[in-house]
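Only one structure is covered here, and it is reproduced in the block below.
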Amino acid sequence: MDEKYFAQKIERKWQRLWRERGTFEAVPDEKKPKFYCLEMLPYPSGKLHMGHVRNYSIGDALSWYKRLQGFNVLHPIGWDSFGQPAEQAAIKQGVNPRDWTEENIKQMRSQLQTLGISYDWSREIAAHRPDFYKFDQWFFLKMLEIGLAYRKNSEVNWCPHCETTLSNEQASGGVCWRCGTHVEKQMRSQWFLRITKYADELLEDMSQIEDGWAERVLTMQRNWIGRSKGAYVEFNVQNSEFKVKVFTTRIDTIYGANSIVLAAEHPFVQGNLDEFSGEVQDKVDEIIAEHAKPKDYGEEVEKDGIDTAMKAINPFSGEEIPIWIGNYVMMGYGTGAVMSVPGHDERDFEFAKKFELPIRQVIKPAVDAVDGEENAPLTEAFSEKGVLVNSDSWNGKTSKEAIALMTDFAETNGFGEGATTYRLRDWGISRQRFWGAPIPIIYCDSCGPVPVPFEQLPVELPESAPFTGIGESPLSKVDEFVNSICPKCEGPGRRETDTMDTFVDSTWYYFRYTDPKNTEMPFEPKTANYWLPVDQYIGGIDHAVMHLLYTRFWTKMMRDIGLVEFDEPATKLLTQGMVVAESFYSKAKESYVFPDDVVIERDETGKVLGAKLADGSPVRVAVEKMGKSKLNGVDPNDMISIYGADAVRTFSMFAAPVENELVWQETGIDGAVRFLQRVWRFVYKWKTENANWTADENSADLSKLEFDERAKNLRRKTHQTIQRITENFESGQFNTPVAALMELSNAMYDLKVEPKTATEGDLYAVREACKSLTLMLTPYAPHVAEELWEAIMGNETGILESDARFPVSDEEVAKEDEVEIAVQVNGKLRARVKAVAEVTKDELEQLALADGKIQEYTNGKEIVKIIVVPGRLVNIVVR
RNA sequence: GCCGGAGUGGCGAAAUUGGUAUACGCACUAGACUCAAAAUCUAGCGGGCUUAACGCCCAUGUCGGUUCGAGUCCGACCUCCGGCACCA
């Protein structure tokens, strides 16, 4: 052990030793409880950013903690290495995407190793390698077999910037998830995965994970799936054999329907265009054009529509009502047709007002309205449930009863049925890209689309392709790839040139970690069932819907084909907050400026008054996502080489709870460095100045040791700290343990015993504190911890090889023998009294009443009651 | 609009789940050491009042409520963040 803490030196040393010893390689072991700790796999951009550092620091802390608790921990890493940036690099720089990707992986791997994350590198995987994507294709063929994969010509989301189709999830909010461009609609034939088959299960199985997943994630998924229960009702069209089917969640309001409103894209409209007037045809065109236009978020569009002059018959009342076309009815939801009930739906109300259509009240509030109000014209839609009025024989029924009875009635009479609709759509996975897993299909003129036989997998990507950035996917221009033989008739065939959405790779990559070298199967079910489900998954909230929904679906699919035995892939999910930093914008220069060029002005309390440039011009300070253009990005490599990986990791865990946004401030990290140095100096001093330092403490008889007050206090603090930190880790709190460790190290300094003159008791207490502190520090700063461990124990065994365990607190030692009790009068703190820990309630009461200060407040007053909370406080209520 | 989450010092944040609010760290101030600086150590650090040692009052977004006692529970409101959205 050196006198000075030199981070880089010991970090390199332990990273080498861990690698040589295979310290983190995981082997299934039925005798040990398993723990699968997983962080979302990175895209190999070539550069680690602070978000990665935070993500992996959290996972690593938990992995170390669990290892020290005796768990068999699997902590793997891999690369989400298919995707757009590699293809962009090919287009712009003329490099081969494969070489570009491999080079990036190499760089990022070395950066991760510099950070000292305890991965089992022997299980590393990469999505772009044929041994991995072979099984993307394998899964696709399986799903084709059981009807979960299918091809369909339909309107799909198209990102004009990325020039590819997108799934609904990736086009959420009408913009491309990757570049933010407004998506367009395009007719295209593409492959879909039938995720909708699992819609109900995806909702209902949330009960299995609701304890471990953040509520907001489940809410987002629930909203996204968007299940609503209601009924289909068919309206006959007058003088026509057509029927119009509507979906409604409020069949109880059907007597209030004043019209049927159709989407402009509705087949009934499109099929009867010729029969409509020119005016109607123009309106239809206008609405369709308007729908295709990009809309701003939150933008309200004015209701518009037109009467088709056709009539529909209300199957309940027999009433004849007009059929309209309305811009507010969407073809993509329900049936693309609604019954308009202006009295009880806000949108219908607005529509009816605009076109002066009749508004009828058919539901009244369950609690009787004020006299006369029932017949007064509605000034707004009453969209709550209530009691039916103006509805023939249904009058007087509650909405709830009526919904059930009227649905039955419609069913019995053949003009409707109960139904559930979803917002969720099947997952379109075709992408017009080169750098992805080829979809294993061959198109044959006589046999149609034919799946590639399993034995012929993988369908490998060609070495290269012409990357021009224009026209169709580069794959379609590689003749050797495209030209093929039909597996069925052996005639000429053309390969599918679309590749799979890269989200396919990330749906199941972490199953592959359990058996990464398997060439026959994606993984051995037995092995996967040992390690999975994931015990803790850690990643960004941005994947709340896309990745996390897909992977839940995939798990259920794998269960159904017999690969796994559980329903949900991860029992706990932690969504970490973003790492952000202060950015500085100069109005005078109309650009962001480097933090180093900014002078911060403060008052004497340290409050920031403002920021200026050297020339005095003001600078706006904001906390924003890190980015190149904002000049506020922080390079983890720089941080590590300045402060060391341990300090960077400790600070990133200490500065904020993991779910919160983390504001990266370089001054903050100094605190972490100081803390590590303090611990280091303490151990160094004792090790070098106390001759008995590394003697085996087991040879000392604990019962014969004498501890004076100071040593006792230190031991108490040590054991209390163990208690606190264990509780924190168990509840997923990672910032407060660092604070607790700092407190413990402060207590060690407070001992003020010189190593040279220490008694045996002192030495024991100090060694106990040092050992405990070191082991509890391991999850945050494993390199320093290993080095300290070596110094404390006096040998060269690593922490895990030494069979060390996370310290366990001794309750007897942790217990305070004297407690401070707060004494309140009428709930206000008036005094503090000291008492032995075992003090009884009565004694406490007497003690409190005897206090001079308290007597001042109670003199001459009547004591109403006294509340005693053992070990905490006494509250005297006086009048 | 609907759903979810959050508001605590100059800042990041703690608070055993209803029991001494502001732990720990950053920043700041003063002192020690030093020729000096850095580093380190020591002390102070929510606001106001006070006769300044003792002590009092007010403070966890706002206003109410429950309770002996509320940052924590309940009701209403304000603000911010996130998600979804003519979803029928």
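By convention in this document, chain letters (A, B, ...) are assigned in the order of the sequence lines, proteins followed by strands, and residues within each chain are numbered from 1.
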*What interatomic distance, in whole Å, is found between P of G83(B) and the corresponding atom of G61(B)?*
25 Å
*So, F729(A) versus F734(A), ring centres under 6.0 angstrom or not?*
yes
*asked:* Need one value for E659(A): base, sugar-phosphate or nothing, where a base atom within 4.0 Å counts as base even if backbone is also close, heavy atoms only.
replied: nothing
*asked:* Closest approach to the side chain of T667(A), judged atom by atom: which nucleotide of G19(B), C24(B), A27(B) is it?
replied: A27(B)
_For T407(A), all residues meeting side-chain hydrogen bond (donor to acceptor under 3.5 Å, both in side chains), sequence neighbours excluded_ = none
Close N or O pairs between protein and nucleotides 38-41 of chain B (under 3.5 Å):
{"unit_1": "U40(B)", "atom_1": "O3'", "unit_2": "R681(A)", "atom_2": "NH2", "d": "3.4"}
{"unit_1": "C41(B)", "atom_1": "OP1", "unit_2": "R678(A)", "atom_2": "NH1", "d": "2.5"}

_Please identify which of these residues, Y643(A), W680(A), F675(A), Y684(A), meets the ring-ring contact (aromatic ring centres under 6.0 Å, His included) condition with Y5(A)._
W680(A)
*For A88(B), does OP1 or OP2 lie under 4.0 Å from any side-chain N or O of S228(A)?*
yes
*Which nucleotide, G25(B), A88(B), A14(B), lies nearest any side-chain atom of M742(A)?*
G25(B)
_Closest approach to the side chain of N875(A), judged atom by atom: which nucleotide of A15(B), G83(B), C68(B) is it?_
C68(B)
*Backbone N or O of N327(A) within a donor-acceptor pair of the D304(A) side chain at under 3.5 Å?*
no
*Report the nucleotide, chosen from U20(B), G82(B), A88(B), that has the shortest atom-to-atom distance to any side-chain atom of A822(A).*
U20(B)
*Check: T335(A) side chain, A337(A) main-chain N or O, donor-acceptor pair, under 3.5 Å*: yes
*Between atom CG in N223(A) and atom C1' in G1(B), what is the gap in whole Å?*
13 Å
Check nucleotides 55-58 of chain B for protein N or O atoms closer than 3.5 Å to its own N or O atoms and list the pairs.
{"unit_1": "C56(B)", "atom_1": "OP1", "unit_2": "K853(A)", "atom_2": "NZ", "d": "2.6"}
{"unit_1": "C56(B)", "atom_1": "OP1", "unit_2": "Y857(A)", "atom_2": "OH", "d": "3.1"}
{"unit_1": "C57(B)", "atom_1": "OP1", "unit_2": "R830(A)", "atom_2": "NH1", "d": "3.4"}
{"unit_1": "C57(B)", "atom_1": "OP1", "unit_2": "R830(A)", "atom_2": "NH2", "d": "3.2"}
{"unit_1": "C57(B)", "atom_1": "OP2", "unit_2": "R830(A)", "atom_2": "NH1", "d": "3.1"}
{"unit_1": "C58(B)", "atom_1": "OP2", "unit_2": "K828(A)", "atom_2": "NZ", "d": "3.1"}

_Counting distance alone, no hydrogens or angles: does the base of U20(B) have a donor or acceptor under 3.5 Å from a partner atom on the side chain of Q824(A)?_
no
*Can you tell which of C84(B), A13(B), C87(B) lies closest to the side chain of W224(A)?*
C84(B)
*Determine the Euclidean distance between corresponding C1' atoms of G46(B) and A21(B); express it in Å to zero decimal places.*
11 Å
*Quote, to the nearest angstrom, the C1' distance that separates G1(B) from C11(B).*
36 Å
_By nearest atom, which of the nucleotides G12(B), C86(B), C84(B) is closest to the M330(A) side chain?_
C86(B)
*Using the six-membered ring of Y328(A), assess whether NZ or CZ of K303(A) lies under 6.0 Å from its centre and within 45 degrees of the ring axis.*
yes
*Can D252(A) and R250(A) be said to form a salt bridge (charged side-chain N to carboxylate O under 4.0 Å, His left out), step by step?*
CA-CA 5 Å; D252(A) 58 315; R250(A) 292 297 301 276; 2.9 Å; yes
*Hey, does V663(A) reach any base, or is it just sugar-phosphate, or nothing, if we go heavy atoms under 4.0 Å?*
nothing
*Closest nucleotide of RNA chain B for Y328(A) versus for N826(A): which of these residues is on the 5' side?*
N826(A)
_Give the dot-bracket line for RNA chain B from 5' end to 3' end: parentheses for intra-strand Watson-Crick or G-U pairs under 3.5 Å, square brackets for crossings, | for inter-strand pairing, dots for unpaired._
(((((((..(((......[....))).(((((.......))))).((((.....))))..(((((..]....))))))))))))....
*Starting at the 5' end of RNA chain B, which residue's closest nucleotide do you reach first, E820(A) or Q665(A)?*
Q665(A)
*Decide yes or no on side chain to side chain contact (heavy atoms under 4.5 Å, CB included) for Y857(A) and K828(A), but give the supporting numbers first.*
CA-CA 11 Å; Y857(A) 281 94; K828(A) 284 204 191 256; over 6 Å; no
*Do any side-chain nitrogens or oxygens of N746(A) fall under 4.0 Å of OP1 or OP2 in G25(B)?*
yes
*Let me know the distance between CZ of R222(A) and P of G4(B), rounded to the nearest Å.*
9 Å
*What is the nucleic acid contact for T335(A), judged by heavy atoms within less than 4.0 Å: base, sugar-phosphate only, or nothing?*
nothing
*Are any side-chain N or O atoms of R360(A) and backbone N or O atoms of Y255(A), one a donor and one an acceptor, separated by less than 3.5 Å?*
yes
*Is V738(A) touching bases, backbone alone, or none of the nucleic acid, heavy atoms closer than 4.0 Å?*
nothing
*Of the nucleotides G12(B), C84(B), A88(B), which has the atom closest to the R423(A) side chain?*
C84(B)
*What is the nucleic acid contact for N327(A), judged by heavy atoms within less than 4.0 Å: base, sugar-phosphate only, or nothing?*
base
*By side-chain hydrogen bond (donor to acceptor under 3.5 Å, both in side chains), which residues pair with E730(A), not counting sequence neighbours?*
Y65(A)
*If the P atom of C26(B) is compared with that of U40(B), how far apart are they to the nearest Å?*
9 Å
*If you check the K303(A) side chain, which of G12(B), A85(B), C86(B) turns out closest?*
C86(B)
*Got a donor-acceptor contact below 3.5 angstrom from the Y749(A) side chain to the R678(A) backbone?*
yes
*Please work out if V338(A) contacts a base, only the sugar-phosphate, or nothing of the nucleic acid, heavy-atom cut-off 4.0 Å.*
base
*Apply salt bridge (charged side-chain N to carboxylate O under 4.0 Å, His left out) to the pair K283(A) and E290(A), showing each step before the final yes or no.*
CA-CA 10 Å; K283(A) 188 58 90 179; E290(A) 177 209 314; over 6 Å; no
*Whole Å only: how far is the CG atom of L676(A) from the C1' atom of G25(B)?*
13 Å
*Nearest to the side chain of N735(A) - G19(B), A13(B), U20(B)?*
A13(B)
*Assess whether atom NZ of K229(A) is packed by more than 12 heavy atoms of other residues, nucleotides or ligands within 6.0 Å.*
no
*Could you list the residues that satisfy side-chain hydrogen bond (donor to acceptor under 3.5 Å, both in side chains) with Y333(A), not counting sequence neighbours?*
S228(A), T421(A)
